[in-house]
Amino acid sequence: MKLPSFFGSMKKRLKGRIVSRILSHFALIVATLFALFPIYFIFWTSILKIQLAAITLSSLIPNLALITLYNYNYVLSDPTFFTIYLKNSLIFGLSAAGVGLVLALFTGYALSRFTFPGRKPFIYFIIALMQFPGTMLVIPYFFMFKELNLINTYLGLIIPYSAGSIVFTGILVKNYIDSIPEDLEEAALVDGETRTGAFTKVIIPLIKPILGLGILLAFIGPYTDFILARAFITGNSLQTLALRLYSVSSISSSGGAAIDYGVFSAFSFLMGIPILIIYLIFQKYIIGGLTLGGVKG
Amino acid sequence: MAHIEEKPFLFRLKREWPAYLYLLPMLVVLLLLTIYPISLTFYYSLTFNGPLPAPGIPPNTYVGLRNYNFIGTTDLSLTETLVLNSFFWATASIVIFIVVGLGLAAILNQPLRGKTVYRTLLLFPWAMPAFITILTWTNMLNFNFGIINALLGLFNIPPVQWTTGGFWDVWGGLLLMNTWLSFPYYMVVFLAAMQSIPKDLYESAEIDGASILYRFTHITVPYIGSTVGFVALMGWLFTFNNFYPIYLVTAGGPGNLTSIFVVRVFQEAFERSHYSLAATYTVIDFIIMLLVAIPAIKYTRLSEGWFK
Amino acid sequence: MATVRLEHITKKFGETTAVDDISLTVNDGEFVVLLGPSGCGKTTTLRIVSGLEVQSEGHVYIGDRVVDDVEPKDRNVAMVFQSYALYPHLKIYDNIAFGLKARHVPRAEIIKKVNETAKMLQIHQLLDRKPAALSGGQRQRVALARALVRDPEVFLLDEPLSNLDAKLRAATRIEIKNLHLRLRKTMIYVTHDQVEAMTLADKIAVINQGKLLQFASPMDVFMKPAHRFVGDFVGYPSMNMLGGELEETSAGTFFFTPVIRMKASGAQTGKYFLGIRPEDIVVSKSSSENSLECSVRGLERTGSDNYLFLDYSEGGIVASVTSPDYSVGEKVYVTFDPVNAHFFDAATGAAVQLSASF
Ligand SMILES: Nc1ncnc2c1ncn2[C@@H]1O[C@H](COP(=O)(O)OP(=O)(O)OP(=O)(O)O)[C@@H](O)[C@H]1O
Ligand SMILES: [Mg+2]
């Protein structure tokens with residue numbers, strides 16, 4: 001039976017739709033494999049018994065017989081992992097996050113809620129300053145802190161780490177405050193609060209989520225920093241996770257000593273996964289902040 | 001009857017002065033930890049502070065524009081290489097990010113089964129700290145033991161010298177890795193912008209008989225154009241000075257093939273103690289950044305979000 | 001004593017003048033409505049009274065005190081925002097108690113007052129909820145409660161009913177009126193809805209483009225509009241406006257429009273508008289002396305009222321009629337009693353007193 005042409009064209013449209021759907025899934029699957037492969041690679045080699053030089057494609061296929069926890073055991077049974085590397089990374093990360101956040105809170109509030117004379121030039125000025133390659137501040141810092149005898153001290157790292165995140169978290173906070181109706185503060189003003197009272201009683205409770213997030217983001221800078229740490233830390237006692245990871249990262253020229261590679265992967269996984277989870281949970285806020293605040297590396 | 005006769009400036013000042021109190025901590029930090037060190041960098045670029053480029057001169061001597069003269073003459077070819085490489089690195093990366101990001105965002109912006117799952121999985125590279133994943137990529141790109149070459153072998157492609165080969169081998173490897181690091185961010189930002197386009201615009205255009213291309217150029221582009229532009233600008237400025245991907249994978253090599261400003265500066269300063277030369281390159285880099293950023297921000301409407 | 005007095009208040013935002021030399025006095029216990037179209041400066045005026053905005057020129061008095069330099073918190077006013085501005089992170093109880101806590105009222109008294117006010121507005125069963133869990137009408141009551149509980153000298157309300165549906169709006173309107181009758185507090189109420197203004201106000205201040213055009217009782221605003229804009233804005237359908245000229249002739253002074261000729265006197269010759277309300281127009285199916293022939297363009301029936309849209313040779317007229325018994329295209333004859341005619345200066349818009357007759 002010949003269908004009327006109306007059905008014919010509908011069939012064609014349906015067919016076109018199915019083809020485009022299949023192509024879409026295909027593209028997304030390819031992209032997803034590309035995206036996940038390196039992370040899978042880290043995970044799998046961290047529990048794989050085989051030495052790197054002997055890894056073949058077939059050994060990448062999940063297989064219970066090839067699994068070992070040796071690498072994790074190796075990393076975690078070394079007490080210095082906790083007493084030096086993790087401890088120092090947490091000290092640098094948390095103190096920088098704490099200091100940076102307070103600064104960001106004030107900055108974000110001022111930029112969002114005040115139209116003070118000089119606001120626009122100030123923002124231009126910050127944008128201009130941001131164009132200075134941040135990584136290269138390490139050179140003047142090096143001399144400044146040498147002068148102050150702060151090289152290879154906690155304070156000498158906490159200070160630049162705190163400063164490093166304030167522009168970004170400040171903008172994050174500003175954007176979030178922008179989204180809170182000004183009415184709420186004005187209602188508090190009419191109700192008898194001072195401007196500071198409105199800030200502490202209305203704004204701060206409302207921006208708690210972004211404050212939590214600001215702490216996380218400000219934490220991650222020092223947590224994964226290599227440049228400042230490499231330039232400022234000379235002794236053993238201040239070593240961080242990032243420095244340690246770097247030192248276990250290179251493959252020996254023979255590709256042997258596979259323990260090294262497995263250890264590197266286990267180390268990477270332990271260090272990276274908490275951050276990955278946090279990022280995925282808070283992606284909406286982080287991306288919103290990033291869109292105005294610059295780009296994450 | 002006395003009218004309040006105040007200039008708008010004083011008028012605003014009267015109400016808005018607490019803003020300066022709130023900004024004070026930030027201003028102190030900016031002054032001590034940004035403005036002062038930047039000025040120091042300028043100063044260092046005018047002094048001699050290492051074995052090169054003026055042997056025999058005692059350290060910390062003011063030497064005027066001698067360092068600039070040095071990099072503009074003796075070291076000119078290196079300087080040119082750094083400029084070209086930095087521009088190439090930033091521009092090529094951004095073009096790829098935008099193409100891949102827009103493509104995937106467009107695909108995810110249609111009704112499709114499982115798209116939230118795809119979206120979340122595609123975010124993984126972005127959510128993992130870059131320092132860690134770059135080190136992994138360094139190993140994956142290894143000529144002898146790298147898994148990438150093994151994968152290529154699967155398709156009978158001979159192994160590539162990712163860190164030691166020719167122009168396209170090395171830059172190809174870096175751009176591949178950089179794409180992996182950054183495409184998720186561009187994808188979600190573009191997706192969010194696309195989702196903010198009212199659906200009925202497309203529907204009414206479709207009823208009016210507009211082709212897909214017409215809908216793209218007349219609805220999608222005007223709506224997300226400024227987001228794409230702003231993100232591209234910020235991304236370009238960021239990538240121009242993105243240190244880790246190049247430093248950790250190729251360290252600027254082989255030779256100076258992939259050397260960019262920041263990597264060179266770090267090496268001059270901390271591997272060769274040529275601090276004044278490093279400072280001079282930093283100043284050049286800063287000037288280039290300002291020359292790109294200021295007109296882009298001033299003469300386009302890309303940065304509106306900053307000022308709201 | 002909580003009189004509120006505005007003295008030559010002007011507010012400029014850059015180039016735009018939001019409020020233009022407004023002077024008015026709100027007596028103690030009076031309910032004054034600021035009425036005007038969107039963007040005319042009502043909210044700005046209210047915010048200047050509250051202190052949230054500082055005027056560019058002029059003075060604000062609350063009681064006998066100049067409050068130009070007084071912070072909002074010290075003005076002893078309460079404000080209900082159009083958006084209600086309930087604190088989303090606080091329970092209803094804490095929302096209502098916020099202002100009392102800010103003023104360090106003893107705890108026991110806070111509890112007592114909050115409960116009393118909540119009972120009065122019938123929201124006492126909601127005190128443990130957060131604002132997000134309330135309906136629009138409930139939020140509106142909480143906003144009112146937050147203002148009432150403080151027992152301020154002056155209440156400022158910015159379109160408090162505009163987010164409610166028509167039925168709830170009518171009900172709440174009555175409640176607000178009763179509240180005012182009971183409390184006898186000075187209230188300034190902003191709206192662009194003339195029904196709200198007419199029903200609530202002791203006095204209406206009609207504002208357009210930042211200027212105060214008339215400040216009078218609702219009846220006076222309706223019956224004796226002081227400005228062409230007021231006549232046009234207040235009343236539905238709008239007052240009919242017919243442009244014409246007052247001319248000296250050998251037979252006396254006459255007001256001419258292209259279709260009307262009236263004896264008129266009491267003002268300089270020149271261009272004027274003749275305003276006549278739809279309900280003052282008499283429609284008849286047969287012609288009479290001084291009647292104008294029109295044809296029916298359409299009829300709008302609202303259930304209780306019927307509005308007849310008429311065309312005559314030079315324009316259109318709206319008339320309010322009792323019978324809906326007209327058909328489109330039908331010829332009718334309209335006339336009106338000259339006593340009901342309003343005259344406005346064509347240049348300034350100001351009302352002028354003319355004694356007119358056919
Ligand atoms: N903060 C501001 N900056 C610049 N212009 C403003 C500001 N606030 C109000 N205006 C302008 O002042 C004029 C009066 O505004 P206002 O909010 O008082 O109007 P309104 O009568 O309350 O209108 P609506 O009925 O729409 O609420 C408008 O033209 C408005 O655009
Ligand atoms: Mg308003």
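Chain identifiers are assigned alphabetically (A, B, ...) following the order of the sequence lines, protein sequences preceding nucleic acid strands; residue numbering begins at 1 within each chain. When reading the values below, keep in mind they use all heavy atoms of this one structure, side chains included, and skip hydrogens, waters and symmetry mates.
- Residue contact with chain A, scored on non-hydrogen atoms closer than 4.5 Å, involves the backbone and the side chain of B/Leu121 alike.
- Contacts of B/Tyr247 with chain A are made by side-chain atoms alone, with heavy-atom separations under 4.5 Å and no backbone atom involved.
- In terms of modelled atom types and a separation under 3.5 Å, the side chain of A/Tyr223 and the main chain of B/Pro129 share no donor-acceptor contact.
- For B/Val29, the part lying under 4.5 angstrom from a heavy atom of chain A is the side chain only.
- Separation of atoms CZ (A/Phe264) and CG (B/Leu135) is listed at 5.0 Å; rounding is to 0.5 Å.
- For a residue to count as touching a neighbouring chain, one of its non-hydrogen atoms must lie under 4.5 Å from one of that chain's; by this rule B/Leu21 does not touch chain A.
- Contact annotation for B/Leu176: both backbone and side-chain heavy atoms come within less than 4.5 Å of a heavy atom of chain A.
- Under the rule for a side chain to side chain contact (heavy atoms under 4.5 Å, CB included), the partners of B/Leu151 that lie at least two apart in sequence or sit in another chain are A/Phe37, A/Leu57.
- The line from CZ of A/Phe226 to OH of B/Tyr244 is 7.5 Å long, rounded to the nearest 0.5 Å.
- For the set A/Ala163, A/Ala104, A/Ser24, A/Pro160, the count of heavy-atom pairs under 4.5 angstrom toward chain B peaks at A/Ser24.
- Note: B/Trp137 CH2 to A/Ile42 CD1 = 11.0 Å, rounded to the nearest 0.5 Å.
- Only the side chain of B/Leu30 comes within less than 4.5 Å of a heavy atom in chain A; its backbone stays farther off.
- Proximity to chain A is absent for every atom of B/Ile287, based on heavy atoms less than 4.5 angstrom apart.
- The backbone N or O of A/Leu111 sits nowhere less than 3.5 Å from a side-chain atom of B/Tyr22 that would complete a donor-acceptor pair.
- Using bins of under 30°, 30° to 60° and over 60° for the plane-to-plane angle, the ring pair B/Tyr118/A/His25 lands in the tilted bin.
- Atoms CG and CD1, on A/Leu23 and B/Ile107 in that order, are 8.5 Å from each other to the nearest 0.5 Å.
- Not less than 6.0 angstrom separates the ring centroid of B/Tyr20 from the ring centroid of A/Phe114.
- Only the side chain of B/Phe243 comes within contact range of chain A, judged by heavy atoms closer than 4.5 Å.
- Qualifying side chain to side chain contact (heavy atoms under 4.5 Å, CB included) partners for A/Val99, counting only residues two or more places apart in sequence or in other chains: A/Leu103, A/Ser162.
- Using bins of under 30°, 30° to 60° and over 60° for the plane-to-plane angle, the ring pair A/Phe132/B/Phe286 lands in the perpendicular bin.
- Classification of the B/Tyr275-A/Phe143 ring pair by plane angle, with boundaries at 30° and 60°, yields perpendicular.
- For the atom pair CG of A/Leu245 and OG1 of B/Thr136, the computed distance is 7.5 Å after rounding to the nearest 0.5 Å.
- By number of non-hydrogen pairs under 4.5 angstrom with chain B, the leading residue of A/Ile166, A/Leu280, A/Leu60 is A/Leu280.
- A/Phe116 has its side chain out of reach of B/Trp17: every pair of non-hydrogen atoms, C-beta onward, lies at least 4.5 Å apart.
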